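Some notes on the structure that comes next.
Because the structure is predicted, anything quoted here is derived from the model rather than measured. Values below: all heavy atoms of this structure, side chains included; hydrogens, waters and symmetry mates excluded.
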Amino acid sequence: MKAIHNHDLSRRGFFQCAACAAAALGAAAAPGGAWAAAAARGAGRGAEAVHEFPYGAVKLTGGRIKDQYDRVQAHYLALDNDRVLKVFRQAAGLPAPGPDMGGWYDADGFVPGLAFGQYVSGLARIGAATGDKAAHAKVATLVDGFGAFLKNVKNPYAGKKAQDQWAAYTMDKYVVGLVDAYRLSGVEQARSLLPMVIEKCMPYISPVSRDRVGKKDPPYDETYVISENLFHVAEITGDDKYRAMAVHYLLNKEWFDPLAAGQDVLPTKHAYSHTIALSSGAQAYLNLGDAKYVRALENAWKFMEPQRFASGGWGPEEQFVHLDQGLLAASLASSKAHFETPCGSFADMKLARYLIRFTGRPEYGDGLERTLYNTMLATRFPDSDGGYPYYSNYGAVAEKKYYHQQWPCCSGTLVQGVADYVLNLYFHDDDALLVNMFASSEVRWDRPGGPVEVVQHTNYPATDAVRLTVRQPGNGRFAMKLRIPAWTRDARLTVNGVAQPVQPGTLATIQRRWKAGDTIDLVVPQPLRTLPIDNRNPNLAAVMRGGVMYVGLNPWDGIEKQAIDLPGALTPMPGQDEAYRTTVDGRNLVFVPYFAVDMERYNTYFRTA
C-alpha cells in the first residue's frame, strides 16, 4: 500500500477538526451513526463488576509461573540496546553500532522493527510489577533511542514491508510501548512522542478499518487492532481526536455488531487479530458505555469454546474453522501450526480478564487458567539469536520448535503476556477480594478501611492444597471470594479450621470480620478426564488433569491410531505428583503436563477405548 494522502477520511480530517472526526465516527459506526456521534461527545463510561489490581500490588513468590516470569525478565533485560535500536538508527542515518537483529526485525525483514514497542511495553510492565529499576532504566534508554530516530525521519517505519503491509499493526506496537513507558516507567518523553508517532504513521494507514479474512488473503494490515491503545492515548493526552480515531477504526459492521446480535461470525476469520480486537471492544465499552461491546465479548467467548483445542488454544493455520465438520481433528494431520501461541495466548488471557472485570463470573477464570497453563507457560524458552516459539503443534509425534525466522511477532507478545501474569491472580470490588488463580503470591489491596495484605501458599497444580493467610486485615470488613473450578469434585474449604460450603463452578464467598493470622484452606481435587477434539470425533481426545493438559511422551509412529482406555488406564508414577503411566501393547506410555515438556516428542490426542 502506498502512502495515503488524498482520501475522504484523511489524516487532516482527524487532526484538524472535531466535526470531521464526528463525521468519520458516523461513517465508521453505520448503521449506528447516532450512537457514534453520542460516543464522540462522551456518553459515559462502562461499569465493572470487579477491578484489576495495578502492577506492583501482586507479587509472585514461588512456583512454575514465577520461574518462567523470572527467566523472561532476565532474558529481555539482557537484550542488547544497540542491537534492538540498530534498524531505527540506520533508517534515520544515525550511528548504528552493534550486530543486526536478523529475521523479521531488520530493514529487509518481514515486518521491520515490529516488536520494538512490545519489548518496551513488556519491560515496563515487569518493572512496575517487580520494582526492578534496571527494567525502567532500559525502557527509558530504548524510548530515548526511538525518539532520536522519530525526530529525524518523516517515515516512521524501519523498512518498506512494515509501511506497505503492516502500517497500522506496527503503529499499534509503537503506541503500546510508549503508553506503558509513560504510565508504568514514568518516562515523560514517551508522552510527547505519542502524538508524533501517530501523526507520522497515519499517511500510510488505510482511512477505513479493513477486515482481514484468513491467513493468506489480503489485506494483511489489521487496522481494527489499533483502537484499544488509541483510547489509552486519549486518556494520557486529554485529546479527544484520538478517541475519535479509536471509535472510527472499531470493526463494527463485520465483527462487533453481528457478535452482539448473537451471530457466530468466527469461521474463516484470522483468529489472533480478531481476538485481540475484542480488547478494543472492551475499551470501547469502558470509554463509551455502550453495552453492545460486552455482549459481543460474551458471545465471542461462547462461540470460541467449540473452536478450542484441549489446551484452550484455537485457530489452526491462524483461522477459526467452520464447526460441525470435524475440521479441528482434520487439522492434526494437515498442519503443524494449531495455535499461534504467545500471540493467541496474550489475546485470549486479555479477553478473559476483561470478561471477569465486566461480569465477575468464574467460568472466565476457568478459561484463563486453562489457557495460561497450556499455552504461554508451555512454550519453548527463546534462545539468544532470535529463536522464539510461535506455533503449538498438537499433531502426532510432535515437537516444540522455534519459528523458522528470527524475532517473529510472538517474541513481543511473549514478554507482554508473561509480564501480565500478575494481573490474572486477584481482582476486587469495593467490598470483596476475588482469588481467581492459585499460585504462591502476595497481594496488597489499598482500600478506605485500611490496607489489606493476603499471602497465598500452594504447590498447585502439582498438588491440590491452597492456603491463604491474612497478613494485614485493614478494618477487617471485606469478603473473600474464591473461584471453585467447574471441573473439580469434592472440593473442601475451611476458615480457621471450620468447614464452609463450596460448589464447583461458583465463587465461594466468605463474609466475616477478618483478623491478622486468619487462614483459609482450600483443597481443589484435579480429576483426570478426557476432552474430545470436536463433536464429529468424540473418541479422539486429550487427557486433562484439572485445568492442565497432559501429553504422552516419546510416542511411536501410529500411536494416534491405537485405542487406549483413557483416563481409566492411567496410574500415578511412584513418587511423582504430575506424571501418570500406562502400557500399550507392552510399551510404556508416560503422561506429563504439556508445560513440563522440553525437547521430547509428544502426542496430544489419542483414540479412546
Checklist outcome for this item: Between the CG atom in Leu114 and the NZ atom in Lys161, the distance rounded to the nearest 0.5 Å is 13.0 Å

Next on the checklist: Please give me the minimum heavy-atom distance between Pro316 and Val321, naming the atom from each residue.
Outcome noted: CG-CG1, 3.7 Å

Next on the checklist: Any carboxylate oxygen within less than 4.0 angstrom of a Lys/Arg side-chain nitrogen, looking at Asp80 and Lys86?
Outcome noted: no

Checklist entry - Would Phe320 and His270 count as a close aromatic pair, with their ring centres under 6.0 Å? => result no

Checklist entry - Which is it for Tyr602 and Tyr594 under the ring-ring contact (aromatic ring centres under 6.0 Å, His included) test, yes or no, and what are the steps along the way? => result CA-CA 9 Å; Tyr602 59 89; Tyr594 184 49; 5.1 Å; yes

Item to check | Student check: side-chain heavy atoms of His322 and Leu327 closer than 4.5 Å | outcome: yes

Item to check | Rounded distance (nearest 0.5 Å) linking atom CE of Met349 with atom OG1 of Thr413 | outcome: 9.5 Å

Item to check | Side-chain (Asp383) to main-chain (Asp385) donor-acceptor, under 3.5 angstrom | outcome: yes

Item to check | Mutual orientation of the aromatic rings belonging to Tyr373 and Tyr460 [parallel < 30°, tilted 30-60°, perpendicular > 60°] | outcome: perpendicular

Checklist entry - Taking side chain as C-beta onward, heavy atoms only, is Leu482 less than 4.5 Å from Leu507? => result no

Checklist entry - Out of curiosity, Lys302 NZ to Gln307 CD, how far, rounded to the nearest 0.5 Å? => result 13.5 Å

Item to check | Aromatic ring pairing Trp407/Tyr388, orientation class (parallel under 30°, perpendicular over 60°, tilted between) | outcome: tilted

Next on the checklist: Side chains of Asp585 and Gln562: any donor to acceptor distance under 3.5 Å?
Outcome noted: yes

Checklist entry - Does Arg353 make a cation-pi contact with Phe358 (under 6.0 Å, within 45 degrees of the axis)? => result no

Checklist entry - Looking at Thr379, Asn374, Thr375, which one forms a side chain to side chain donor-acceptor pair (under 3.5 Å) with Ser345? => result Thr375

Checklist entry - What do you reckon, is CZ of Arg71 surrounded by more than 12 foreign heavy atoms closer than 6.0 Å? => result no

Next on the checklist: If the threshold is 4.0 Å, N to carboxylate O, is there a salt bridge linking Arg83 and Asp100?
Outcome noted: no

Item to check | Gly63 backbone acceptor or donor facing Ser440 side chain under 3.5 Å | outcome: no

Checklist entry - When you check the side-chain N and O atoms of Ser331 and Tyr394, is any donor under 3.5 Å from an acceptor? => result no

Checklist outcome for this item: Closest heavy-atom pair, Ala419 versus Gly122, reported as atoms and distance to 0.1 Å, is CB-O, 3.8 Å

Item to check | Modelled atom types, side-chain donor and acceptor of Tyr119 and Ser411, under 3.5 Å | outcome: yes

Item to check | Trp255 versus Leu266, closest heavy-atom pair with distance | outcome: CH2-CD1, 3.8 Å

Next on the checklist: Checking Phe591 against Tyr580 for the ring-ring contact (aromatic ring centres under 6.0 Å, His included) test, could you report, in this order, the C-alpha distance in whole Å, the side-chain angles of both residues, the deciding distance, and whether it holds?
Outcome noted: CA-CA 5 Å; Phe591 283 77; Tyr580 296 83; 8.5 Å; no

Checklist entry - Is the Tyr390 ring parallel, tilted or perpendicular to the Trp104 ring (thresholds 30°, 60°)? => result perpendicular

Checklist entry - Would a line drawn from the ring center of Tyr391 to the ring center of Phe339 be shorter than 6.0 Å? => result no

Item to check | Test item: Arg601 and Pro555 side chains (from C-beta on) under 4.5 Å apart, heavy atoms | outcome: yes

Item to check | Short N-O contact, Arg607 and Glu560, less than 4.0 angstrom | outcome: no

Item to check | Student check: side-chain heavy atoms of Ile564 and Leu589 closer than 4.5 Å | outcome: yes

Next on the checklist: Assess, by modelled atom type and distance only, whether the side chains of Gln319 and Trp314 contain a donor and an acceptor separated by less than 3.5 Å.
Outcome noted: no

Checklist entry - Would you call Lys160 and Asp164 a salt bridge, taking side-chain N to carboxylate O under 4.0 Å as the test? => result yes

Next on the checklist: So, taking the atom named OG in Ser273 and the one named CG in Asp211, what distance separates them when rounded to the nearest 0.5 Å?
Outcome noted: 7.5 Å

Checklist entry - Do Val597 and Leu553 have side chains that get closer than 4.5 Å, going by heavy atoms? => result yes

Next on the checklist: Does the Lys NZ or Arg CZ of Arg380 fall within the cation-pi geometry relative to Tyr402 - under 6.0 Å from the ring centre and within 45° of the axis?
Outcome noted: yes

Item to check | Distance-only donor-acceptor check, side chains Arg587 and Thr583, under 3.5 Å | outcome: no

Item to check | Closest contact, heavy atoms only, Gly281 versus Leu250 | outcome: N-CD2, 4.3 Å

Checklist outcome for this item: Closest non-hydrogen atoms of Tyr174 and Tyr157, given as atom of the first, atom of the second and distance, are OH-CA, 3.9 Å

Checklist entry - More than 12 non-hydrogen atoms from neighbouring residues, nucleotides or ligands closer than 6.0 Å to NZ on Lys336, yes or no? => result no

Checklist entry - With a 4.0 Å cut-off, would you call Lys216 and Glu317 a salt bridge? => result no

Next on the checklist: Side chains of Glu228 and Gln283: any donor to acceptor distance under 3.5 Å?
Outcome noted: no

Next on the checklist: Could you check whether any side-chain heavy atom of Phe303 comes within less than 4.5 Å of a side-chain heavy atom of Glu298, counting everything from C-beta outward?
Outcome noted: no

Checklist entry - Does a side chain donor of either Tyr426 or Gln456 reach within less than 3.5 Å of an acceptor in the other side chain? => result yes

Checklist entry - Closest heavy-atom contact between Asn436 and Asn424? => result ND2-O, 2.9 Å

Item to check | Any Gln416 side-chain heavy atom under 4.5 Å of Arg125 side chain | outcome: yes

Checklist entry - Can a salt bridge be assigned to the pair Arg370 and Asp366 using a cut-off of 4.0 Å between side-chain N and carboxylate O? => result no

Checklist entry - Would Asp324 and Arg536 pass as an ion pair if we require N to O under 4.0 Å? => result no

Checklist entry - With distance as the sole criterion, is a donor-acceptor pair present between the side chains of Tyr354 and Arg357 under 3.5 Å? => result no

Checklist entry - Does the ring-ring contact (aromatic ring centres under 6.0 Å, His included) test come out yes or no for Phe309 and His338, once each step is laid out? => result CA-CA 9 Å; Phe309 294 96; His338 296 114; 5.6 Å; yes

Item to check | Side-chain donor/acceptor of Arg467 to backbone N/O of Leu522, under 3.5 Å | outcome: no

Checklist entry - Are Asp598 and Lys400 within salt-bridge range, i.e. N to O under 4.0 Å? => result no

Checklist entry - Looking at CG of Asp221 and OG1 of Thr170, how far apart are the two atoms once the value is rounded to the nearest 0.5 Å? => result 7.0 Å

Checklist entry - Does some side-chain heavy atom of Thr506 sit less than 4.5 Å from a side-chain heavy atom of Gln503? => result yes

Checklist entry - Backbone N or O of Leu259 within a donor-acceptor pair of the Asn299 side chain at under 3.5 Å? => result yes

Checklist entry - Only one of Arg212, Lys269, Lys173, Arg210 clears salt bridge (Lys or Arg N to Asp or Glu O under 4.0 Å) with Glu222; which? => result Arg212

Checklist entry - Taking atom CG of Leu414 and atom SG of Cys343, what is their separation to the nearest 0.5 Å? => result 9.5 Å

Next on the checklist: For a quick check under 3.5 Å, do Asp348 and Thr371 share a side-chain donor-acceptor pair by atom type?
Outcome noted: yes

